[in-house]
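Below, chains carry the letters A, B, ... as their sequence lines are ordered, and counting in each starts from 1.
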There are 2 protein chains.
Amino acid sequence: MSNMREKSQSNFDIALFGLMLDRALSKSLQAQLSGALRDLLLGGQDFSGTRLPASRLLAQELSVSRTTVVSAYDQLISEGYLRTKIGGGTFVVDQLPHLAPHRTKTVAHPEPPQAWLPFHSGVPDQTLFPHRIWSRHIERAWAKPDTHLIGRPDPFGWYPLRQSISAHLSAWRKLDCSPEQILITSGASEAFDIIFRGLLEPAQTAVVEDPGWHVLRTVLSAVGAHVHPIRIDAQGFDAAKIARQASLAIVTPSRHYPTGISMPMSRRIALLAWAKQQNALIVEDDYDSEFRYQGHPLPSLAGLDGLKRSIYLGSFSKLLSPALRIGYLVLPETQLSLARDYISRFGSRASLIPQPALATFMNSGEFAIHLRRMRRTYAKRQAHLISELADNGHLLDISPDPAGMHVCTPLLPRLRRQVTDKMIANFAQNEGLQLKALSSHCVLPDPPQGLVLGYAAFDERTLTSAAQKLSQILLQLSQP
Amino acid sequence: MSNMREKSQSNFDIALFGLMLDRALSKSLQAQLSGALRDLLLGGQDFSGTRLPASRLLAQELSVSRTTVVSAYDQLISEGYLRTKIGGGTFVVDQLPHLAPHRTKTVAHPEPPQAWLPFHSGVPDQTLFPHRIWSRHIERAWAKPDTHLIGRPDPFGWYPLRQSISAHLSAWRKLDCSPEQILITSGASEAFDIIFRGLLEPAQTAVVEDPGWHVLRTVLSAVGAHVHPIRIDAQGFDAAKIARQASLAIVTPSRHYPTGISMPMSRRIALLAWAKQQNALIVEDDYDSEFRYQGHPLPSLAGLDGLKRSIYLGSFSKLLSPALRIGYLVLPETQLSLARDYISRFGSRASLIPQPALATFMNSGEFAIHLRRMRRTYAKRQAHLISELADNGHLLDISPDPAGMHVCTPLLPRLRRQVTDKMIANFAQNEGLQLKALSSHCVLPDPPQGLVLGYAAFDERTLTSAAQKLSQILLQLSQP
């Protein structure tokens with residue numbers, strides 16, 4: 001009880017000393033102060049019986065005259081909010097006078113939390129994230145920050161995090177690089193800003209995969225790049241199809257987005273040869289290679305290249321949360337000075353706040369444990385989704401994917417004759433399903449028809465009902 | 001003791017279960033595991049006597065065969081790292097065998113912390129920041145995250161933070177806006193991306209102040225804007241001098257950067273009239289208005305305008321830390337849908353991690369307390385710096401500035417006859433002083449000559465010795 005009293009006392013003092021009186025306002029300082037006090041007492045917290053700071057002390061803290069404070073106190077005594085005690089001191093009364101309700105600062109959200117809709121792809125299940133452990137890592141990092149944390153920030157990001165990432169890449173992606181080659185970013189979109197504004201001459205030509213990540217085209221045209229999409233085949237991207245001069249190829253060799261095709265070694269070698277012959281750069285977007293359920297992930301293309309002409313793009317948004325806004329670039333030695341120059345001119349955009357915690361989270365092994373748990377969970381969820389969709393085998397080409405967070409299921413002729421994937425996506429939208437049409441990832445004519453179904457963020461019950469809804473839609477649309 | 005033992009036991013288990021074995025590597029899984037175990041035991045932490053997990057359990061965790069684990073254990077028993085006990089169980093020996101030192105993951109920094117050099121402007125004194133309180137706010141926010149925090153993030157940023165900012169602006173800058181008009185960014189550079197890529201037609205003309213923030217020109221040309229600098233006068237920016245069509249004026253009315261001039265009301269009204277007549281937008285960059293030491297801050301230009309044609313640009317980097325990477329835009333109602341569309345295409349870049357903590361830090365009043373403490377400290381430091389430079393009154397026009405984190409001191413004729421401000425800045429650089437030449441903030445001919453001296457981040461001892469160094473340089477350079 002006395003603890004509660006002390007607590008509310010100190011909350012009260014903090015709030016009181018935290019008041020901001022503004023001499024620029026027409027309202028008098030005394031009126032501002034009594035108004036603020038009134039708001040505070042009616043603000044929901046129970047301050048009954050707490051003692052107000054001595055007028056001299058509060059006057060000093062707010063840098064106003066003592067008279068201002070005294071008359072504000074008197075005002076509220078006359079209104080019945082405060083009382084003085086024999087022996088001195090001003091206190092909050094136990095029974096606040098009843099008043100008409102009035103505006104107080106609220107921190108309510110305007111709308112309920114927006115859940116991810118079923119089949120939304122590329123988002124992890126954040127309810128399974130070890131939030132308590134993670135929050136302790138952040139708290140430890142900042143309670144007594146390392147002098148490196150409060151000094152001049154390293155423009156490439158928190159060095160120990162870059163060390164952890166380099167260790168992770170060498171163990172997991174067969175990519176050997178020094179921490180100095182790693183640049184922490186706020187995500188893929190900033191990464192492409194850096195590449196196009198910092199590393200390349202203006203208005204360069206980039207070849208991209210079609211189908212491919214639709215955001216990429218927006219980002220590239222915003223930085224003034226000429227974009228040349230190339231239709232992929234059953235083996236993914238084919239460098240032999242690059243018809244014209246280009247200074248950059250942006251690819252997803254581990255798992256083509258969104259089809260999930262893994263680029264065979266022969267294609268990788270051909271692509272590296274193209275880059276060498278054209279003196280071009282390759283960007284390897286390795287967006288979710290950590291989630292592999294069977295077989296061996298092929299070593300990264302950048303690793304195969306020895307980071308001579310390849311830039312490796314990584315992210316933590318699929319591992320922890322999209323809201324983390326932490327990704328990274330691994331750059332060839334030859335590109336480091338250009339990148340440094342870019343950052344010195346534009347500044348870095350990645351917040352330092354999560355970076356030391358992410359480093360200790362990785363070094364403690366908790367990162368790997370979480371990763372492996374998620375891998376098991378996501379594998380189960382994929383298997384569950386596929387079994388729930390089994391009845392649609394005559395409409396969709398449903399085959400298990402050895403990796404990733406979504407499956408891409410091509411439409412079979414019987415369905416394709418009746419409907420397009422975009423029509424299905426629209427119908428699904430109305431049923432509260434966030435599936436994507438494969439063709440909406442394309443710009444070239446005659447796009448492949450299929451459905452991109454994200455499953456990682458959804459438990460089996462949600463996937464079951466979502467699969468049932470989808471099956472009904474497909475049945476309905478497949479009728480001639 | 002038993003606690004220590006338990007602690008090292010659990011550290012050991014975490015590290016062990018956190019191992020990542022990679023089937024893609026040529027090295028066998030058994031060799032990888034025994035190697036990792038060896039690294040762990042020699043990794044610096046004392047694990048002597050700790051018990052290893054049962055082979056079945058570890059095998060399951062790492063999804064390898066039990067044989068792999070057993071043979072890895074046997075390998076290390078034969079090497080003398082592990083021993084078995086009668087009654088079963090495998091343990092770490094008390095005396096590790098001596099071995100040649102070998103590589104272990106280090107988290108050492110490659111270089112000592114980079115302190116800000118004296119006179120570096122625009123950085124707060126982070127050693128005075130209440131890190132412990134702040135870290136508790138972050139920990140509280142994420143230990144059991146609000147469902148809004150782990151759901152689909154609001155593209156404009158954490159709503160309660162936007163509420164706190166709106167309350168702060170209305171109390172402190174006479175700027176009334178709804179939280180819906182506030183967009184959280186990763187800083188000014190992203191803010192201008194949003195304005196130029198999202199709100200304006202491509203290749204628009206922007207008028208800017210000369211002298212002005214040098215980074216701004218870089219950012220504007222990167223987004224393809226045509227930049228027209230206008231030389232300011234003793235009253236700051238003058239809309240009457242805008243000679244040509246422009247769709248945007250970017251100004252710092254509260255405190256012109258870097259001269260500190262506050263734009264008088266007449267000029268503000270003229271600028272708003274220009275914007276109306278040209279159907280143009282105004283960006284008010286209010287980069288450090290919170291630090292005012294005397295007099296009344298004029299209400300914000302955007303407030304005067306009622307946010308009809310003005311965009312207000314705010315930041316927390318000057319208040320807390322540049323590494324926070326949290327700023328915000330306040331947008332006119334008419335611009336909201338364009339901004340929403342931009343964010344939906346490019347995504348937001350501000351990390352969500354610090355946002356809930358920043359909101360509670362502001363609501364608790366601790367933000368205002370810190371602000372007022374810093375204001376007192378910075379005012380003292382400015383006064384101290386000015387008194388330390390008093391002897392140079394015949395060379396520099398040193399007058400107190402009622403606000404800000406730096407002083408801008410014009411060169412007096414006697415000095416100007418001998419030297420330019422850039423020459424002084426170069427000399428100072430060699431002496432370890434990070435002062436900026438006023439003329440380096442200009443692109444127009446005949447730039448004004450002066451020194452920009454940041455004082456906020458430096459204690460009085462540092463300022464004294466820096467001022468002495470500077471005085472010597474000035475004395476030396478002022479000799480004919």
Between [options], who has the most heavy-atom pairs with chain B when the cutoff is under 4.5 Å?
| options | answer |
| --- | --- |
| A:G365, A:G151, A:S189 | A:S189 |
| A:A115, A:P145, A:G187 | A:P145 |
| A:P354, A:P153, A:A188 | A:P354 |
| A:A368, A:G224, A:A143, A:A457 | A:A143 |
| A:A222, A:S348, A:P110, A:P322 | A:P110 |

Which one wins on heavy-atom pair count under 4.5 Å against chain A: B:I326, B:D146, B:D193? B:D193
Sort out for me which of B:L352, B:V123, B:I150 touches chain A most, counting heavy-atom pairs under 4.5 Å. B:I150
Is it the side chain or the backbone of [X] that comes within 4.5 Å of chain B heavy atoms, both, or neither?
| X | value |
| --- | --- |
| A:S63 | side chain |
| A:L371 | side chain |
| A:P179 | neither |
| A:R197 | side chain |
| A:H137 | neither |
| A:R376 | side chain |
| A:S321 | neither |
| A:R349 | both |
| A:A350 | backbone |
| A:R375 | side chain |

Please look at B:E111 and chain A and tell me whether the side chain, the backbone, both or neither of the residue comes under 4.5 angstrom of a heavy atom of that chain. backbone
Residue B:R372 versus chain A: region with a heavy atom under 4.5 Å: side chain
With B:R325 via salt bridge (Lys or Arg N to Asp or Glu O under 4.0 Å) - residues at least two apart: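 Listed in chain order: nothing, the list is empty.
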Quick one: does B:R132's side chain get under 4.5 Å of A:W142's, heavy atoms only?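 Result no, sub-4.5 Å side-chain heavy-atom pair not found.
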A:P160 side chain reached by B:H109 side chain, heavy atoms, under 4.5 Å: yes
Are any side-chain N or O atoms of B:Q355 and backbone N or O atoms of B:S351, one a donor and one an acceptor, separated by less than 3.5 Å? yes
Could you report the tightest heavy-atom contact between A:F316 and A:L324, atom names first, then the distance?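 Reported closest heavy-atom pair: CB-CD2, 3.8 Å.
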A:R173 and A:S254: side chain donor to acceptor below 3.5 Å: yes
Are the aromatic rings of A:H370 and A:W134 close, with centres under 6.0 Å apart?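 Not close enough - the centres of the two rings lie 6.0 Å or further apart.
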